[in-house]
Structures are given as C-alpha cells and as structure tokens.
2 protein chains.
Amino acid sequence: MASNVTITDIAKELNTTPATVSRALNNHPSISEETRTRVLEAAKRLNYRPNTIASSLRSGKSHLIGVLIPSAKINFFGSVVHGIESLASQHGYNVLIYQSNEKREFEQKGLQAFLNARVDGILVSMAKETHDYTHFREVKATGTPLVFFDRVNDDLNVPSVVIDDYKGAFCATEHLIKKGYQRIAHIAGPQHIKLFNNRLRGYLGALQAYNLPIDFNIIYTGDISIEAGKRAVEHFLTLEKKPDAVFSVEDFTALGAMKALKEHDISIPDQFGVIGFANEEFGEHTTPSLSTLDQQTVAMGEAAFKLLFEQINMKTSENMQPRKIVLDPIPVFRQSSAHP
Amino acid sequence: MASNVTITDIAKELNTTPATVSRALNNHPSISEETRTRVLEAAKRLNYRPNTIASSLRSGKSHLIGVLIPSAKINFFGSVVHGIESLASQHGYNVLIYQSNEKREFEQKGLQAFLNARVDGILVSMAKETHDYTHFREVKATGTPLVFFDRVNDDLNVPSVVIDDYKGAFCATEHLIKKGYQRIAHIAGPQHIKLFNNRLRGYLGALQAYNLPIDFNIIYTGDISIEAGKRAVEHFLTLEKKPDAVFSVEDFTALGAMKALKEHDISIPDQFGVIGFANEEFGEHTTPSLSTLDQQTVAMGEAAFKLLFEQINMKTSENMQPRKIVLDPIPVFRQSSAHP
DNA sequence: CTGTTAGCGCATTCAT
DNA sequence: ATGAATGCGCTAACAG
C-alpha cells in the first residue's frame with residue numbers, strides 16, 4: 001500500500017546520494033541533464049511522492065497560506081475563496097481554511113493554528129464581533145505576512161483589499177438621478193460600521209454633485225435585513241413629500257423595500273425606482289429584477305493573494321507603508337431602476 | 001524577530017531535556033504535575049509555538065484533511081465546506097481546500113498536492129468532467145482515507161454521503177398530489193447523471209403510489225438551466241391535456257418554468273403548482289416564493305467529516321464494506337405549491 | 001557536477 | 001519520572 005519511497009531509496013537505486021536526487025528533483029542549476037532524467041525516471045518508476053512536510057521543515061517554507069473568513073456559508077466569502085485558491089494553487093501554494101463564525105475566540109484560534117502550521121502568509125476578513133486586535137498584533141510580531149480583505153482595520157497598518165463603497169453609492173445614486181427620478185431616498189446601515197457610512201456619504205455626494213437637496217427625512221437608518229427595508233418604505237410613504245426612488249445600502253434591504261412597495265401597489269420601476277448593493281444571487285430573479293452593484297468578489301480574492309504574494313517575496317527591509325487596493329464596484333443595472 | 005522558540009529552548013531554560021518538555025506539552029501520563037506546570041509556564045513566558053510541521057514529520061500524522069470541491073463559488077459547496085471545517089477544527093484538524101473547476105486535470109493535481117502534504121484524509125466531490133477514475137484509485141492505493149460526498153462514484157468502493165434524491169422527488173410529487181393538483185408534470189435532468197435519474201424515478205414512484213397515470217408527454221427532459229424550464233412550460237402548454245403542476249428537477253429550472261408561466265398569465269399556485277429541488281437562496285425571494293427541497297448541505301459536510309474521522313481512526317484490518325450515508329432532503333413548502 | 005555532512009523541531013525508545 | 005539517543009525526509013553549505 002503506501003509505498004512511501006524517499007529520495008534515499010531513489011539514491012540507492014541509482015547508486016548516488018540523496019543530495020543529488022534532491023537537486024535533480026528540484027531543477028537545481030548545477031546538475032547534468034543525464035542524471036536529472038535518470039532520477040526523474042526512477043522517481044516515476046518507484047512512484048515517489050515528495051514529502052512536503054519534510055521539505056517544509058528543512059527549508060522553512062511551508063507553501064501554505066491561511067485564509068480566515070467569518071463563514072464559508074456566506075456566498076461572498078465562498079467567491080473570494082475561489083479567487084484566492086485559484087491564484088494560490090497556480091503559484092504552488094496550498095490553502096488552509098478556517099472559519100471564525102464571527103467570534104473573536106475562533107478567530108484567535110484560527111490564527112494560532114496558522115502560526116503553528118508555519119504558514120507563509122495569512123489572509124483575513126475580520127469577524128464582526130472583533131474589537132480587540134491584539135491577536136492580529138501577535139501575528140504581525142511573528143513577521144508572518146498578513147493581508148486583510150473586505151472587513152479590514154486601518155489602525156493595524158496591514159495591507160488590505162476593499163471595495164470602494166463611496167464610489168459605488170455615488171454611482172448608484174447618480175444612476176437613479178440620470179434615469180430621471182426626482183426625489184431619491186436612502187436606506188442606510190448602522191453608521192458605526194465604516195462601509196455603511198461610506199455608502200451614505202456616496203449617496204450624499206451624488207446629490208450634491210447634481211445640486212439636489214438633501215432631506216434627512218428620506219434617509220432611513222436600519223439594520224441589514226428584509227424587515228428594515230419594509231419599515232423604511234412604510235416610513236417613506238407616511239411623508240408628505242414622498243420619494244420616488246431609493247438607493248438601499250444592501251440587496252436584502254432593497255428586497256424588503258420592493259416587497260413593501262408591491263404591497264402598496266406601487267409599481268417598480270415606473271412609480272418608484274430601487275437599487276441595492278452587493279449583487280446577491282437572488283437579485284437577478286426577483287420581479288422586477290434588482291439593480292445593484294457587484295462587489296467583485298473573485299477579483300478581491302485574487303488581489304488579496306497578489307498582495308500577500310508580494311509581501312512573501314519581499315525582503316523585510318523594504319518596509320514601506322502597506323499597500324491598500326481599492327476595487328471599483330461594477331454597476332449591474334436591471335429592471336428595478338429602469339425609469340421609462 | 002519571529003521568536004521561534006523550540007522545546008530545546010524551554011528545556012535549557014528549565015535545566016531539563018527536550019524529551020521532558022515534549023512530554024509535558026503533550027500531556028504524557030508519566031510526568032509529574034510540578035514539571036508540567038513549570039513547562040507550561042515557561043512555554044507561555046517564552047511565547048512558544050509548537051511547530052506542527054516538525055511534529056507531523058516525526059509522528060507521521062499531519063492533522064490535515066484535504067477537501068476537493070468543484071468550486072467554492074458554488075453556494076452548495078461553500079455550505080458543505082462550512083460543515084466540514086466546523087467539525088474538523090473541533091477535532092483538531094486543519095482543512096486544506098482545492099478546487100477542481102470541474103476539470104479532471106485539476107482534480108488530479110489537487111489529490112497529488114494532498115498526498116504530498118501527507119494529509120490524514122481526503123474529502124471529495126467529483127468534477128463533472130471526470131470519467132476516468134485512476135487518480136482516485138491511486139489515492140486508495142496509498143491507504144489515505146477517502147470519502148466522497150454529493151458527487152460520488154459507487155464503483156470505487158469508497159464511503160460516501162449523498163442525498164436521497166428518490167425520496168426527495170417522491171416527497172415533492174406527493175406534496176403536489178396531496179395539495180390537489182390533478183395532472184403533474186416533471187422537468188427532468190440529463191438522465192445519464194444518476195441523481196437526476198433518481199429524481200425521475202421518485203416522481204414516477206409517487207404517481208404510482210397514488211394510482212395516477214404516467215404520461216411521458218408531460219415529462220420533459222432538458223439541461224439544468226432557466227431556459228430549459230421555460231422551454232418545458234412552452235412545451236406543456238402546447239399539449240391538449242395540459243398539466244396543472246410541475247415538479248422540476250432543480251430550482252433554476254423551476255424558476256424558468258415560473259417565468260414562462262407568468263408570461264402566459266397563468267397564476268401560480270392557483271392555476272399551476274411548481275416545486276423545485278435544491279433550496280437555492282433565491283427561492284425564498286421570488287414571487288411567489290418557490291417550494292423546494294433542502295439538500296442539507298451543512299449536515300452533509302458534517303457527515304462526510306464524521307465518516308472520514310471514523311476511517312482515520314480505524315485499524316486498517318477492520319476492512320468492512322464502505323459505509324454509505326444517505327441524507328433525507330427536507331421539504332420547504334412555500335407559496336408556489338400552495339394550491340387553494 | 002556530485003558527494004559529504006549536518007540539522008530543521010519534534011516524539012519516541014530505551015535506559016536509569 | 002526523567003534523560004540520552006535517534007531519526008522522520010529533506011535541503012543546503014562546503015568540499016572536492
């Protein structure tokens with residue numbers, strides 16, 4: 001069964017030494033073409049499998065990267081992992097995955113596991129619950145390259161990849177304006193979370209850019225849920241000066257808004273325009289289909305890996321300030337904002 | 001900077017030997033309580049991190065499991081990975097992830113990478129493209145525990161976890177019957193894929209069980225797409241004896257069917273009932289919401305890990321025939337099948 | 001270009 | 001209960 005042939009076995013077979021076999025196997029420059037082929041042939045014949053564990057121990061490089069996400073069940077992170085893994089395996093890295101389940105405790109355990117496994121680098125999207133960052137500081141202290149994506153923390157001085165929420169919100173609002181909607185509302189998310197604040201700012205920025213008045217009566221702040229979207233619309237409809245379109249901070253909230261509008265027999269997009277943010281899968285299949293902004297999940301994963309890869313291959317001396325990659329969200333304009 | 005304290009360092013600090021430190025750290029039975037605490041204290045003080053690589057090399061156990069999936073972008077697999085990782089980390093295993101992207105070539109590369117990393121076990125959902133199974137045979141030949149989930153192959157004699165497609169299809173069809181629909185159609189998937197065939201059989205089984213006639217005119221075979229669903233309905237509506245409900249092999253096809261029905265102003269569920277299979281996220285948010293069967297993704301991941309864990313801890317002598325776990329799909333009956 | 005030597009960090013056998 | 005010795009499989013520095 002498990003043959004477990006080693007380079008020593010190959011060496012014996014060919015009356016040479018493990019060192020030579022190792023060199024041949026790793027395409028070392030100073031090795032004759034002849035011995036290389038002989039070794040490769042013998043390796044194949046004996047069904048040799050390089051033991052990466054031994055190699056890692058000796059070389060100090062594990063060719064492992066750790067990816068810490070809140071949950072693989074969340075679509076967004078699955079897509080990001082897709083981007084990460086694709087590039088990583090192209091570059092000869094294996095990907096370790098760990099879920100924080102939004103708990104700081106698990107987050108810490110995951111980082112611990114990664115460090116113990118001597119990963120060559122770590123990619124993290126932070127848990128919501130996390131407010132104390134000492135565990136990340138410990139990682140930095142070990143010198144292990146670290147990159148944040150999506151859920152980042154700027155104080156930590158770690159390279160990161162994020163989406164340009166301001167620009168996305170600006171773009172969404174601008175789109176509604178250009179489509180001819182007159183009075184555009186916003187359903188905002190919890191403002192202590194930076195990205196939701198950025199989206200609010202993008203909304204305000206677009207209104208200003210087009211010299212439209214800002215009315216805080218049509219800015220509803222709720223949580224991220226279908227229910228919040230419904231409540232927002234109910235609120236808007238009580239107003240004297242009702243809005244005729246809404247930019248919702250997030251697709252699920254937009255969905256709630258659409259449901260409430262339907263209940264009131266307000267037709268979308270004719271009487272009321274709706275646009276969300278995230279490009280969740282369901283948006284393509286609602287009636288009408290939901291306009292939104294795509295978050296570039298796969299590109300985010302790829303960018304995150306690239307940043308990490310740079311860091312891994314960087315002499316520690318080159319200690320410039322950490323790079324921050326900001327991805328543009330991609331507009332996906334569908335029916336819900338197609339003002340006639 | 002990276003301290004990289006070893007057990008030897010701890011030993012020196014305490015004027016003892018690496019062996020003692022190792023024993024203390026691993027809760028070896030024959031070690032005095034006093035030295036244990038002294039070692040643990042010193043380990044913490046020196047910021048010691050066990051080197052799993054060295055440990056793996058020495059012990060022969062990597063505490064790594066490899067998970068090979070078609071793509072992390074696909075929701076289903078993300079959820080399964082969630083289930084796997086949760087249990088795995090509870091049991092002290094780290095999870096390596098690799099995507100085949102539905103290509104046999106990558107599948108083989110992934111398995112190779114896993115074997116080289118000396119994983120303690122491998123979990124696989126096969127690529128669609130795969131028809132030649134020698135790479136799996138090679139894995140078996142190494143003695144590395146292997147478990148299939150969802151996309152399995154029975155010839156390989158490998159333990160597996162699947163969903164009971166027959167039962168799910170039976171249940172869906174039965175539901176439509178009990179709701180009072182009279183003439184129930186089926187949109188089937190490519191029949192060379194076993195699970196689709198099982199669903200067709202479940203549909204037929206339910207009709208028989210309730211003494212309903214089987215009419216092949218209302219069994220439409222297509223691929224798995226929204227378009228196929230639309231075409232199926234178009235076909236059904238040309239018939240003289242039109243159906244008044246459909247069990248669709250899969251949610252996206254069901255969605256296509258709903259769209260076509262809407263275009264024909266046929267009201268769902270009053271005039272026509274629809275039920276799908278998979279419990280895709282969008283189903284909750286369509287109008288009307290889509291009845292379906294949940295595939296128990298997280299439970300599948302957990303079951304797969306459990307099976308693998310059993311195998312890992314099994315003496316190779318206990319070579320009974322491989323276990324096969326069959327999960328029951330969970331009915332999720334929503335509006336689209338709510339016959340008045 | 002190849003062989004020799006050494007050791008990565010740890011767990012385990014055999015002493016004591 | 002602890003210490004001494006050994007080697008897992010590989011790579012790398014140094015000789016030749």
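In what follows, chains are A, B, ... by sequence order, proteins preceding strands, each numbered from 1. All values below come from the heavy atoms of this structure, side chains included, with hydrogens, waters and symmetry mates left out.
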- Is the closest basic N to carboxylate O distance between B/Arg36 and B/Glu33 below 4.0 Å? yes
Outermost contacting nts on DNA chain C, any atom under 4.0 Å from chain B heavy atoms, listed 5' then 3', are C/dG9 to C/dT13
Rounding to the nearest 10°, end axes of the helix from C/dC1-D/dG16 to C/dT16-D/dA1 built from five pairs each make an angle of 30°
Within residues 28-40 of chain A, the residues having a heavy atom closer than 4.0 Å to DNA chain C are A/Ser30, A/Ile31, A/Ser32, A/Thr35
Contacts of B/Glu34 meeting side-chain hydrogen bond (donor to acceptor under 3.5 Å, both in side chains) (sequence neighbours excluded), chain-then-number -> none
Across all chains, not counting sequence neighbours, the side-chain hydrogen bond (donor to acceptor under 3.5 Å, both in side chains) partners of A/Ser55 are none
Quick note, salt bridge (Lys or Arg N to Asp or Glu O under 4.0 Å) partners involving residues 52-76 of chain A, not counting sequence neighbours, are A/Lys61-A/Asp120
So the ring pair (Phe, Tyr, Trp, His ring centres under 6.0 Å) pairs with at least one residue in residues 106-130 of chain B (sequence neighbours excluded) are none
Ring pair (Phe, Tyr, Trp, His ring centres under 6.0 Å) filter on A/His91, not counting sequence neighbours, yields A/Phe305, A/Phe309
Closer than 4.0 angstrom, basic N to acidic O: yes or no for A/Glu41 and A/Arg45?
yes
Sorted by chain and residue number, the side-chain hydrogen bond (donor to acceptor under 3.5 Å, both in side chains) partners of A/Thr52 (sequence neighbours excluded) come out as none
Expected list for residues 109-118 of chain A near DNA chain D, using heavy atoms below 4.0 Å, is none
Sorted by chain and residue number, the side-chain hydrogen bond (donor to acceptor under 3.5 Å, both in side chains) partners of A/Ser32 (sequence neighbours excluded) come out as A/Thr35
Quick tally for nucleotides 11-16 of chain D: nucleotides whose base has a protein heavy atom under 4.0 Å get B, sugar-phosphate-only ones S, the rest -, giving BBB---
